[in-house]
Amino acid sequence: MAVFTFVLLLGNLFQDALKLLVSGQVRIGLLFRAIGLLIPYAFLFALPMGLLTSTLLVFGRFSADQELTAARASGISLISLAMPVLILSLCCCALSAWINMDLGPGGRAQYKNILNEARSDLVDVQLPEGRLIYDFPGYIFYTAKNDNGHLQDVLVYWIAQNTTLQAPSGTLEMDKTNQLLKVDLLNAQSVSRMTNGTPLFSSFRDFPIAVSLKPSARPPAKPSISDMTFPQLQEELREREKLLDYLPATTNTPAQWRAQIKETETGIEKVRSQMHQEVAFSFACFGFALVGIPLGIRVHRRETNIGILIALIMVLIYYTFDIVGNSLSSHPEFYPHLIYWLPNFIFQAIGAVLLWRANKGI
């Protein structure tokens with residue numbers, strides 16, 4: 001686990017934190033704090049990989065030294081020998097569930113936040129395109145494209161007025177002196193929900209919005225879906241399902257309306273897939289242990305490098321399903337949230353058969 005954690009940490013640090021350290025944007029103390037927050041995220045992968053590798057090494061050496069033969073001659077079955085390891089793997093599953101669903105995503109989100117704070121500059125403030133932005137108090141922004149402050153297909157939800165604004169284009173400017181972000185919506189249309197639930201429609205040739213960027217007024221950035229804890233994902237799923245029910249009935253064309261419906265449904269599927277991913281990967285330790293025990297006996301080798309190589313190949317196969325699930329997360333028709341469970345079923349089924357055959361001496 002220490003080896004795998006160190007390698008995973010180096011990969012993330014070289015990608016983000018070390019660049020900031022070399023450029024002088026972060027202090028060494030902040031870097032160590034970032035490392036501490038990132039360790040639980042590295043445990044997401046290091047714990048199953050470490051358990052699999054150690055299982056292969058222990059039972060491979062156990063078989064190579066003929067200790068398994070001696071145990072069987074003493075009337076001790078392989079199942080009895082493997083039972084403590086399987087129980088340990090179930091305990092690791094419980095630990096992995098805590099890391100996957102709470103500790104790891106939370107630490108990763110805080111890690112990103114402190115790095116963003118370290119390199120934040122008001123000149124660089126912009127609205128990232130293609131996703132909902134919750135960073136500014138009182139508003140939720142979305143823009144399909146942001147070309148150096150020239151916005152296209154802008155959607156703004158004004159929380160205080162319960163009003164949704166939509167504009168085909170707009171502009172984005174920064175006022176450094178007053179620390180304001182200015183967004184001008186051009187040819188905007190709005191729909192407001194009255195207290196009795198009646199929608200009120202309006203049109204504006206130019207609708208300016210000014211948002212304060214003072215640090216005290218800006219809440220912490222909302223984590224991305226991949227960095228949300230399981231309770232946060234549940235809340236996000238409820239919010240997106242409500243948004244699907246209350247999409248603004250503006251004067252959009254039917255094609256635009258269907259596109260908004262599809263985009264919201266895709267977002268819901270991404271959240272649901274992330275929830276299944278966090279739960280499914282919590283059982284990786286049990287599947288790896290179940291396969292590692294008979295496979296280590298069959299390999300029958302003392303060398304450490306062989307065991308590590310086999311472990312890496314099996315981990316690569318397992319996490320290939322993660323890549324496939326993520327690539328299909330935008331296609332609800334393929335049920336991508338179920339793909340994350342396939343490696344558990346496959347590894348556990350194969351492991352159970354191999355362990356039964358090894359116990360019978362087949």
Side-chain angles (χ1 to χ4, degrees), residues 1-9 11-12 35-59 82-111 223-234 271-293 295-296 307-308 310-326 336-352 355:
M1 278 193 63
V3 172
F4 289 129
T5 301
F6 178 74
V7 173
L8 293 169
L9 282 176
N12 283 273
I35 293 175
L37 291 172
L38 199 58
I39 287 177
Y41 179 77
F43 280 172
L44 293 177
F45 309 96
L47 179 59
M49 293 168 65
L51 180 64
L52 172 61
T53 305
S54 57
T55 302
L56 287 168
L57 295 179
V58 168
F59 280 89
M83 191 57 62
V85 179
L86 295 178
I87 294 175
L88 175 63
S89 70
L90 292 176
C91 295
C92 289
C93 286
L95 178 60
S96 182
W98 177 45
I99 297 174
N100 284 335
M101 301 168 67
D102 183 59
L103 197 61
R108 174 73 171 175
Q110 294 182 49
Y111 165 80
S224 61
I225 292 177
S226 60
D227 295 330
M228 288 184 178
T229 63
F230 195 79
Q232 289 174 332
L233 288 170
Q234 289 178 311
V271 175
R272 185 180 291 115
S273 296
Q274 183 64 27
M275 295 173 67
H276 280 265
Q277 182 190 44
E278 290 186 1
V279 178
F281 281 8
S282 301
F283 294 92
C285 292
F286 182 68
F288 282 163
L290 207 55
V291 171
I293 294 171
L295 194 58
I308 294 178
I310 295 174
L312 291 177
I313 293 174
M314 294 178 63
V315 167
L316 180 62
I317 295 173
Y318 187 95
Y319 287 109
T320 298
F321 289 89
D322 176 39
I323 299 174
V324 174
N326 289 334
H337 58 279
L338 299 180
I339 295 177
Y340 298 111
W341 292 95
L342 288 179
N344 286 328
F345 296 143
I346 294 174
F347 273 63
Q348 291 176 16
I350 294 176
L355 186 60

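Please read these numbers as outputs of a predicted model, since none were measured by experiment. As a basis for the values below, the full set of heavy atoms in this structure was taken, side chains included, without hydrogen atoms, waters or symmetry mates. Residues take their numbers from the sequence shown, with the count starting at 1.
With sequence neighbours left out, the side-chain contact (heavy atoms from CB on, under 4.5 Å) criterion links Pro40 to Leu103. Residues passing the side-chain hydrogen bond (donor to acceptor under 3.5 Å, both in side chains) test with Thr320, sequence neighbours excluded: none. Listed by chain and number, the residues in a side-chain contact (heavy atoms from CB on, under 4.5 Å) with Gln348 are Phe283, Phe286, Leu290, Asn344 (sequence neighbours excluded). When the side-chain contact (heavy atoms from CB on, under 4.5 Å) test is applied to Ile317, the partners found at least two apart in sequence or on another chain are Ile313, Phe347. Under the side-chain hydrogen bond (donor to acceptor under 3.5 Å, both in side chains) criterion, Asp322 pairs with Gln277, Asn326, sequence neighbours left out. Residues meeting the side-chain contact (heavy atoms from CB on, under 4.5 Å) test with Ile323, sequence neighbours left out: none. Take Phe230 and apply the ring pair (Phe, Tyr, Trp, His ring centres under 6.0 Å) test, not counting sequence neighbours, and it matches no residue. Under the rule for a side-chain hydrogen bond (donor to acceptor under 3.5 Å, both in side chains), the partners of Ser96 that lie at least two apart in sequence or sit in another chain are Asn100. Annotation: side-chain hydrogen bond (donor to acceptor under 3.5 Å, both in side chains) contacts of Ser273 (sequence neighbours excluded): Glu269.
Ring pair Phe281/Tyr340 is perpendicular by interplanar angle, where above 60° counts as perpendicular and below 30° as parallel. Relative orientation of the Tyr41 and Phe45 rings is perpendicular, given thresholds of 30° and 60° on the angle between their planes.
Nearest heavy-atom pair, Ala82 versus Ile293, reported as atom, atom and distance to 0.1 Å: CB-CD1, 3.6 Å.
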